[in-house]
Amino acid sequence: MGKSWFLAFLLLHIIPTEADFAVSGGVGIGIGNGDGGGGGGVWIGGGINSPTTPSGSSVSKLNSAYSALQAWKSAITDDPSKILDTWVGTDVCSYKGVFCSDRQSGPVVAGIDLNHANLQGTLVKELSSLTDMSLLHLNSNRFSGTIPDTFKDLTSLQELDLSNNQFSGPFPVVTLYTPNLVYLDIRFNKFSGPLPEDLFNKRLDAIFVNDNQFTGQLPQNLGNSPASVINLANNKFTGNIPASFGIGSSKLKEILFLNNQLTGCIPEGVGLFSEIQVFDVSSNSLMGHLPDTVSCMTEIEVLNLAHNQLSGSLPDLVCSLKSLMNLTVAFNFFSGFSQECAKLFFRNVGFDFSDNCIPGRNMQRPQPDCSQIPGGGLSCLRIPAVQPLVCGSLLGMLEANYSSSSP
């Protein structure tokens with residue numbers, strides 16, 4: 001669920017200028033819509049036009065690029081669109097999907113974009129010689145296997161999109177050693193096993209690992225990530241959302257936990273994400289009450305809590321959030337909501353509270369389902385009740401409370 005503001009950032013800070021690229025066809029932005037996985041990167045049209053004759057170190061770089069691309073071509077077993085028919089001869093800047101940038105010493109390969117090419121094959125270690133490449137886009141192909149360990153040598157790579165392929169094996173740890181990476185998209189593949197803690201220590205601005213087969217508990221340092229977008233949806237994560245979530249960073253704008261196997265409480269720390277716009281924990285097994293600190297998420301637009309086992313009354317403070325566009329609490333065990341929540345209908349806010357335990361409301365659970373609320377004995381880590389809740393002092397209270405409860 002990448003947004004245009006993020007892609008504009010990438011366009012301005014990652015991709016060389018049009019003059020540097022000397023591109024034909026200009027520069028455009030392609031935004032993935034999530035229906036086939038990925039595509040949340042930048043599309044660049046054309047290749048370099050009649051590059052000047054390279055000299056010096058640029059000759060050796062283009063020779064290395066030629067060797068690398070030919071090795072990769074040999075590892076591609078199916079090319080139904082005949083894209084690789086253009087990969088002939090030493091002029092790699094004329095290859096379809098390969099983009100060069102003019103440097104003082106001559107042209108170098110600055111990016112590869114083969115999105116939606118439907119290629120079948122594997123990646124090869126020789127690609128690591130493309131040390132001037134700042135983006136590699138392979139969304140919507142049929143690549144399989146693993147990511148070569150040599151990718152750590154791609155010192156200029158800032159954007160890696162491998163989404164909607166058939167890669168497998170454990171999380172590709174080599175991406176964490178690619179020094180300048182800021183955008184990592186490996187969604188819609190067959191990766192499995194746990195996520196490494198270092199994923200959330202690396203200075204990534206976007207982390208898309210959704211729609212894989214990842215398992216295990218979420219690393220305790222999840223909240224330390226400086227990323228503005230994190231998508232963990234449609235995996236098999238278990239255990240709790242870390243109690244420290246939110247204490248380490250407050251710049252997150254979107255996080256999606258939906259359709260996993262998470263249990264326990266929604267931690268108080270979510271209130272520290274004052275800039276968050278999308279928070280989706282739907283289709284898990286979360287229990288307990290919704291913390292009042294959610295009311296500190298002043299920029300929240302989409303709050304999806306559906307298909308869990310949450311209970312209690314929906315707080316006034318949550319329904320008063322001014323930026324709210326959609327609030328979904330369906331298929332839980334909430335026992336009521338106030339007049340402030342009822343006003344959401346008049347604010348044209350999408351509000352779905354069906355299949356709960358709210359007396360006097362339509363489309364609720366049958367009474368026998370509400371006789372024993374799940375998670376009645378669950379003890380959630382909560383800060384002492386403070387009325388009114390002062391969002392500005394929330395961090396200090398949470399840090400003190402988390403420290404006192406930590407082993």
Side-chain angles (χ1 to χ4, degrees), residues 1 194-210 214-233 235-300 302-305 308-310 315 318 321 375 378-384 389 391-407:
M1 191 183 287
L195 293 181
E197 282 195 2
D198 283 346
L199 173 61
F200 302 107
N201 292 331
K202 187 171 175 62
R203 298 194 63 80
L204 293 167
D205 192 54
I207 300 172
F208 294 96
V209 298
N210 54 291
F214 289 118
T215 57
Q217 298 194 10
L218 296 173
Q220 291 298 307
N221 66 335
L222 170 65
N224 292 350
S225 175
S228 57
V229 180
I230 300 176
N231 194 336
L232 306 168
N235 282 289
K236 300 176 182 178
F237 295 119
T238 56
N240 299 346
I241 299 174
S244 60
F245 181 61
I247 293 178
S249 173
S250 60
K251 299 300 182 183
L252 193 64
K253 286 185 168 59
E254 299 183 16
I255 187 160
L256 291 88
F257 296 98
L258 68 113
N259 198 24
N260 279 287
Q261 300 167 23
L262 299 173
T263 55
C265 312
I266 295 177
E268 296 268 9
V270 297
L272 293 172
F273 293 114
S274 58
E275 298 181 16
I276 200 164
Q277 298 169 350
V278 178
F279 182 73
D280 191 334
V281 294
S282 61
S283 298
N284 283 285
S285 297
L286 299 171
M287 297 181 182
H289 294 186
L290 189 64
D292 286 346
T293 56
V294 170
S295 63
C296 296
M297 300 162 71
T298 53
E299 300 297 319
I300 193 73
V302 177
L303 179 59
N304 193 344
L305 313 172
N308 280 287
Q309 301 176 40
L310 300 167
V318 174
L321 289 165
L378 186 66
S379 177
C380 296
L381 178 64
R382 298 297 188 215
I383 60 174
L389 179 64
C391 294
S393 62
L394 187 57
L395 178 59
M397 291 188 291
L398 286 171
E399 286 180 329
N401 205 34
Y402 179 68
S403 298
S404 64
S405 66
S406 298

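Just so you know, residue 1 is the first one in the sequence shown, and it goes up from there.
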Any heavy-atom pair between the side chains of [Y] and [X] that's under 4.5 Å?
{"X": "L262", "Y": "F257", "answer": "yes"}
{"X": "I255", "Y": "V278", "answer": "no"}
{"X": "L195", "Y": "L232", "answer": "yes"}
{"X": "V302", "Y": "F279", "answer": "no"}
{"X": "I266", "Y": "L310", "answer": "yes"}
{"X": "P226", "Y": "L204", "answer": "no"}

Exercise for the section: Would you please say whether a donor-acceptor pair under 3.5 Å links the side chains of N210 and N235? Expected result: no
For [Y], does its backbone N or O pair with a side-chain atom of [X] as donor and acceptor, under 3.5 Å?
{"X": "N221", "Y": "E197", "value": "yes"}
{"X": "S228", "Y": "K253", "value": "no"}
{"X": "N284", "Y": "L286", "value": "no"}
{"X": "S225", "Y": "L222", "value": "no"}

Heavy-atom pair with the smallest gap, counting every atom of [X] and [Y]:
{"X": "I207", "Y": "L199", "value": "CD1-O, 3.9 Å"}
{"X": "L218", "Y": "P242", "value": "O-CG, 4.1 Å"}
{"X": "I241", "Y": "V281", "value": "CD1-CG1, 4.2 Å"}
{"X": "V294", "Y": "L321", "value": "O-CD1, 3.9 Å"}
{"X": "S244", "Y": "Q220", "value": "OG-O, 3.1 Å"}
{"X": "N240", "Y": "T263", "value": "OD1-O, 3.1 Å"}

Distance check, rounded to the nearest 0.5 Å: [X] atom [atom1] versus [Y] atom [atom2]?
{"X": "S282", "Y": "N308", "atom1": "OG", "atom2": "CG", "answer": "7.5 Å"}
{"X": "C265", "Y": "L290", "atom1": "SG", "atom2": "CG", "answer": "11.0 Å"}
{"X": "K251", "Y": "S274", "atom1": "NZ", "atom2": "OG", "answer": "7.0 Å"}
{"X": "Q277", "Y": "T298", "atom1": "CD", "atom2": "OG1", "answer": "10.5 Å"}
{"X": "D280", "Y": "L258", "atom1": "CG", "atom2": "CG", "answer": "4.5 Å"}
{"X": "N260", "Y": "K236", "atom1": "CG", "atom2": "NZ", "answer": "10.5 Å"}

Exercise for the section: Test I276 against E299 for side-chain contact (heavy atoms from CB on, under 4.5 Å), laying out the working first. Expected result: CA-CA 6 Å; I276 200 164; E299 300 297 319; over 6 Å; no
Practice task
Can you label the angle between the F245 ring and the F273 ring as parallel, tilted or perpendicular, going by 30° and 60°?
Solution key: tilted
